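Worksheet for the structure shown next.
As a basis for the values below, the full set of heavy atoms in this structure was taken, side chains included, without hydrogen atoms, waters or symmetry mates. Values in this document were obtained by computation on a predicted structure and should not be read as measured data.
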Amino acid sequence: MSDSRFDAMRWNTLSSRTIIKDRWVNLRADDCQMADGTRIAPFYVNEMPDFVVVAAVTEDGKFLMIYQYRHAVDKVILEIPAGCVEPGEEMEAAAARELLEETGYEASGIQFLGKMAPNASCMSSYAWCYLAVGARRKGRQELDETEEIAVALMTEEEVRKALRDGQVEQAVHVGALYWALEALDKG
């Protein structure tokens, strides 16, 4: 949503340069100027691809949760399936693919819940959140070489408790689960 009342708040980018770009990071440094003339240099932006996050519910009403090691926080945490969108891939197709790859399940229906910026202060990516319903096991997990994922089936009440108790730590996953629960409540 764009609102012209706030156009004056936009920074003017005077220059931009790539600091590092590899498989995992695309960090640029921008030299910027605010409307009042204040200069901010450098301002770092991590240009990441958009990604999908999938709250999936099985045919018998269980949530497909996963446990995965996250090195930045040095622990295994409770999450939902998620992953980057491939170039040219449709968001919904990416959601279905990530669900299948990370859990071995496919869904009979996928509903878009919303998109959010995980960290708009320094990252360019958006998380596209989906609810997958009627999920059933199709086959084995097909994990990336850097993934090791354990699948867990949880009841709705167990998921609600995990959210209340702070057991789901990834902010985007928390938001997606709350959106999914709201969508399911509306039925």
Fill in: Distance in Å, Met65 CE paired with Gln167 CD, rounded so as to fall on 0.5 Å steps
9.0 Å
Worksheet item: Cluster question for you: counting only ILVMFWY and a side-chain heavy-atom cut-off of under 4.5 Å, with indirect links fine, are Met123 and Tyr44 together?
Response: no
Discussion item. When you group the ILVMFWY residues by side-chain heavy-atom contacts below 4.5 Å and let the links chain together, are Ile110 and Tyr105 in the same group?
Written reply: no
Worksheet item: For atom NZ of Lys138, is the number of surrounding heavy atoms from other residues, nucleotides or ligands below 6.0 Å larger than 12?
Response: no
Worksheet item: Does a side-chain heavy-atom distance below 4.5 Å link Leu177 with Phe63?
Response: yes
Discussion item. Minimum heavy-atom separation for Leu99 and Ala56, please, with both atom names.
Written reply: CD1-CB, 3.6 Å
Practice prompt. Would you indicate whether the side-chain heavy atoms of Val53 and Met116 approach each other to under 4.5 Å?
Written response: no
Worksheet item: Hey, mind stepping through Asp50 and Met91 against side-chain contact (heavy atoms from CB on, under 4.5 Å) and telling me if it holds?
Response: CA-CA 9 Å; Asp50 284 0; Met91 297 298 173; 4.0 Å; yes
Discussion item. Check Glu156 with Arg160, please: is the shortest side-chain N to carboxylate O separation under 4.0 Å?
Written reply: yes
Worksheet item: Are there more than 12 heavy atoms of other residues, nucleotides or ligands under 6.0 Å from atom CD of Glu59?
Response: yes
Worksheet entry | Other residues, nucleotides, ligands: >12 heavy atoms within 6.0 Å of Glu90 CD | no
Worksheet item: Side chains of Phe51 and Glu98: does their closest heavy-atom pair fall under 4.5 Å?
Response: no
Worksheet item: Is the Phe43 ring parallel, tilted or perpendicular to the Trp11 ring (thresholds 30°, 60°)?
Response: perpendicular
Worksheet entry | Atom pair CD/CD1 of Glu147 and Ile66 - distance to nearest 0.5 Å | 7.5 Å
Fill in: Closest non-hydrogen atom pair between Val172 and Cys129, with its separation
CG1-SG, 4.4 Å
Practice prompt. Check the hydrophobic clustering (I, L, V, M, F, W, Y; side-chain heavy atoms under 4.5 Å; chains of links allowed) and say if Val57 and Leu113 are grouped together.
Written response: yes
Worksheet item: How far apart are the closest heavy atoms of Pro42 and Asp31, and which atoms are they?
Response: CA-OD1, 3.8 Å
Worksheet, complete the sentence: Tightest non-hydrogen contact, residues Arg136 and Ala107, listed as NH1-C, 4.0 Å
Item to complete: Nearest 0.5 Å please: distance from the CG atom of Leu27 over to the CZ atom of Arg17.
Response: 10.0 Å
Worksheet entry | Arg10, CZ: over 12 other non-hydrogen atoms inside 6.0 angstrom | no
Worksheet item: So, Arg97 and Glu142, do they make that salt bridge, N to O below 4.0 Å?
Response: no
Worksheet item: Any chain of hydrophobic side-chain contacts (each under 4.5 Å) joining Val133 to Met154?
Response: yes
Worksheet item: Would a 4.5 Å heavy-atom cut-off, applied to side chains only, mark Glu92 and Phe112 as touching?
Response: no
Worksheet entry | Side-chain donor-acceptor contact under 3.5 Å, Asp74 with Tyr69 | yes
Worksheet item: Is the shortest distance from a Lys or Arg side-chain nitrogen in Glu79 or Arg70 to a carboxylate oxygen in the other one below 4.0 Å?
Response: yes
Worksheet item: With distance as the sole test, does Gln141 use its side chain to make a donor-acceptor pair with the main-chain N or O of Glu101 at under 3.5 Å?
Response: no
Worksheet item: Does Thr146 offer a backbone N or O that forms a donor-acceptor pair with the side chain of Asp144 under 3.5 Å?
Response: no
Worksheet item: Leu153 versus Leu64: any side-chain heavy-atom pair under 4.5 Å?
Response: yes
Worksheet item: Is a side-chain donor-acceptor pair under 3.5 Å present for Thr58 with Asp60?
Response: yes
Worksheet, complete the sentence: All heavy atoms of Val54 vs all of Ala95, minimum pair found to be CG2-O, 3.6 Å
Item to complete: Search all heavy atoms of Ala183 against all heavy atoms of Leu131 and return the closest pair with its distance.
Response: CB-CD2, 4.1 Å
Discussion item. If hydrophobic clusters are built by linking Ile, Leu, Val, Met, Phe, Trp and Tyr wherever their side-chain heavy atoms come under 4.5 Å apart, do Ile149 and Ile77 end up in the same one?
Written reply: no
Fill in: Chi angles and distances behind the side-chain contact (heavy atoms from CB on, under 4.5 Å) call for Leu143, Glu148
CA-CA 7 Å; Leu143 302 175; Glu148 187 175 0; 5.5 Å; no
Practice prompt. Start with the C-alpha gap between Lys186 and Glu182, add the side-chain angles, then the distance that decides, and say whether salt bridge (Lys or Arg N to Asp or Glu O under 4.0 Å) holds.
Written response: CA-CA 6 Å; Lys186 290 180 180 175; Glu182 182 180 6; 3.5 Å; yes
Discussion item. Please report the interatomic distance CD(Gln33) to OG(Ser15), rounded to the nearest 0.5 Å.
Written reply: 11.5 Å
Worksheet item: Quick one: are Cys122 and Val45 in side-chain contact, heavy atoms under 4.5 Å?
Response: no
Worksheet entry | Distance (rounded to the nearest 0.5 Å) between Asn119 CG and Met48 CE | 11.5 Å
Item to complete: Report yes if some heavy atom in the side chain of Lys62 is under 4.5 Å from a heavy atom in the side chain of Thr155; otherwise report no.
Response: yes
Discussion item. Nearest 0.5 Å, please: how far is NZ in Lys115 from OH in Tyr126?
Written reply: 5.0 Å
